[in-house]
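Please read the structure below before turning to the comments.
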Amino acid sequence: MEERLLDLLTRLEVRATFFVQGRWVEAHPSTAQRMAADHLVGNHSHYHCPMPLLSDEGLVADIESAERAFAENLGIHPRPWFRCPFGAGAGDSRVLGVLGRLGYVHVGWDVSAEDWAPGRTAAGVADAIVGGLTSGNGSIVLMHAWPSTTVDAVTAIVTRLRAMDTAFVGVDELPFPPVSTVPW
């Protein structure tokens with residue numbers, strides 16, 4: 001499914017940001033390489049567990065495992081972009097502190113179509129995304145690369161948003177930092 005999505009984004013001339021797990025990079029290195037060549041790629045942990053459940057040492061080990069997968073398979077470092085699995089830890093000062101010490105910032109989202117949920121249709125995903133983008137410049141959309149409904153919804157989403165003069169950029173191109181930070 002990810003390859004179909006990458007083909008579609010290329011055809012539509014859309015740059016995206018993908019937050020991927022280290023273990024996924026290890027399992028799908030050629031797809032991950034293609035992703036990293038055309039889009040921004042950020043760290044989404046190695047094992048995709050809720051970050052607050054890990055000790056500080058566990059957080060470091062999981063994040064560094066993902067970094068090794070990125071380095072060995074893609075030749076890149078995902079820093080500074082990180083997204084906590086499930087968003088768990090995005091508001092946790094301890095988790096954000098560890099991320100900050102490792103050189104990361106957490107990137108959240110403004111709109112989610114819950115494209116992973118059973119029974120979601122492509123039309124429902126498109127309506128949720130387009131209808132949810134009411135915050136103006138800098139809105140971040142959460143979608144997943146693996147559901148078929150996501151791939152099936154992308155053309156409608158892009159077409160409808162382009163009709164509204166929307167630009168598609170990676171989080172590194174947003175007009176303000178899309179991050180959760182905590183002073184330490």
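- Counting only distance, with no hydrogens or angles, the side chain of Gln33 and the backbone of Asn73 share a donor-acceptor pair below 3.5 Å.
- Both Trp24 and Ile76 are assigned to one and the same hydrophobic cluster, defined by single-linkage of ILVMFWY side chains at heavy-atom distances under 4.5 Å.
- Side chains of Leu12 and Phe168 form no contact here, defined as non-hydrogen atoms less than 4.5 Å apart.
- With contacts defined as side-chain heavy-atom distances shorter than 4.5 Å, the pair Met143/Ile157 qualifies.
- You'll find the ring centres of Phe86 and His48 inside the 6.0 Å limit.
- Of all the heavy atoms in His44 and Pro85, the pair that sits closest is CE1-CA, 3.5 Å.
- Considering only heavy atoms from C-beta on, Leu99 stays 4.5 Å or farther from Val105 through its side chain.
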(request) Evaluate the side chain to side chain donor-acceptor pair (under 3.5 Å) criterion for residues Thr150 and Asp115: first the C-alpha distance (whole Å), next the side-chain angles of each, then the deciding distance (0.1 Å), finally the verdict. (result) CA-CA 6 Å; Thr150 300; Asp115 53 349; 2.5 Å; yes
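- Nearest heavy-atom pair across Val151 and Leu8 is O-CD2, 3.5 Å.
- Put simply, the side chain of Asp56 reaches to within 4.5 Å of the side chain of Arg94, judged on heavy atoms.
- The CG atom of Leu74 lies 10.5 Å from the OG atom of Ser30; values are rounded to the nearest 0.5 Å.
- The side-chain heavy atoms of Thr17 and Trp81, taken from C-beta on, include no pair separated by under 4.5 Å.
- Looking only at side-chain heavy atoms (C-beta outward), Ile63 and Ser45 stay at 4.5 Å or farther from each other.
- Between Arg15 and Asp38, none of the side-chain N atoms (NZ, or NE/NH1/NH2) sits under 4.0 Å from a carboxylate O, so this pair counts as no salt bridge.
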(message) Walk me through whether Phe19 and Val41 qualify under side-chain contact (heavy atoms from CB on, under 4.5 Å).
(response) CA-CA 6 Å; Phe19 288 92; Val41 178; over 6 Å; no
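- In terms of heavy atoms, Pro78 sits closest to Gly42 at CB-C, 4.0 Å.
- Only one option out of Val130, Val154, Thr149 pairs with Val125 in a side-chain contact (heavy atoms from CB on, under 4.5 Å); it is Thr149.
- To the nearest 0.5 angstrom, Glu26 atom CD is 9.0 Å from Arg68 atom CZ.
- The distance from the CG atom of Asp110 to the CD1 atom of Ile140 is 5.5 Å, given to the nearest 0.5 Å.
- With a 4.5 Å cut-off on side-chain heavy atoms, Ser139 and Leu133 count as touching.
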(request) Quick one: do Asp62 and His46 satisfy side chain to side chain donor-acceptor pair (under 3.5 Å)? Show the steps, please. (result) CA-CA 5 Å; Asp62 186 69; His46 194 76; 5.9 Å; no
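- Rounding to the nearest 0.5 Å gives a distance of 7.0 Å between CZ of Arg162 and CD of Glu13.
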(request) Please step through salt bridge (charged side-chain N to carboxylate O under 4.0 Å, His left out) for the pair Arg120 and Asp152, ending with a clear verdict. (result) CA-CA 11 Å; Arg120 289 298 266 171; Asp152 295 342; over 6 Å; no
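- Counting side-chain heavy-atom gaps under 4.5 Å among Ile, Leu, Val, Met, Phe, Trp and Tyr, the cluster of Trp116 also holds Trp146.
- Taking OH from Tyr104 and CD from Glu67, the interatomic distance works out to 3.5 Å, rounded to the nearest 0.5 Å.
- No donor-acceptor distance shorter than 3.5 angstrom exists from the side chain of His106 to the backbone of Phe82, with no hydrogens or angles considered.
- The CG atom of Asn43 lies 10.0 Å from the OG atom of Ser65; values are rounded to the nearest 0.5 Å.
- Listed here is the closest heavy atom pair of Gly89 and Cys84: C-SG, 4.0 Å.
- Remark: Arg34 engages Glu3 in a salt bridge, criterion side-chain N to carboxylate O under 4.0 Å.
- Between the side chain of Glu173 and the backbone N or O of Gly170, at least one donor-acceptor pair lies under 3.5 Å.
- Between Phe18 and Leu6, the closest side-chain pair of non-hydrogen atoms falls below 4.5 Å.
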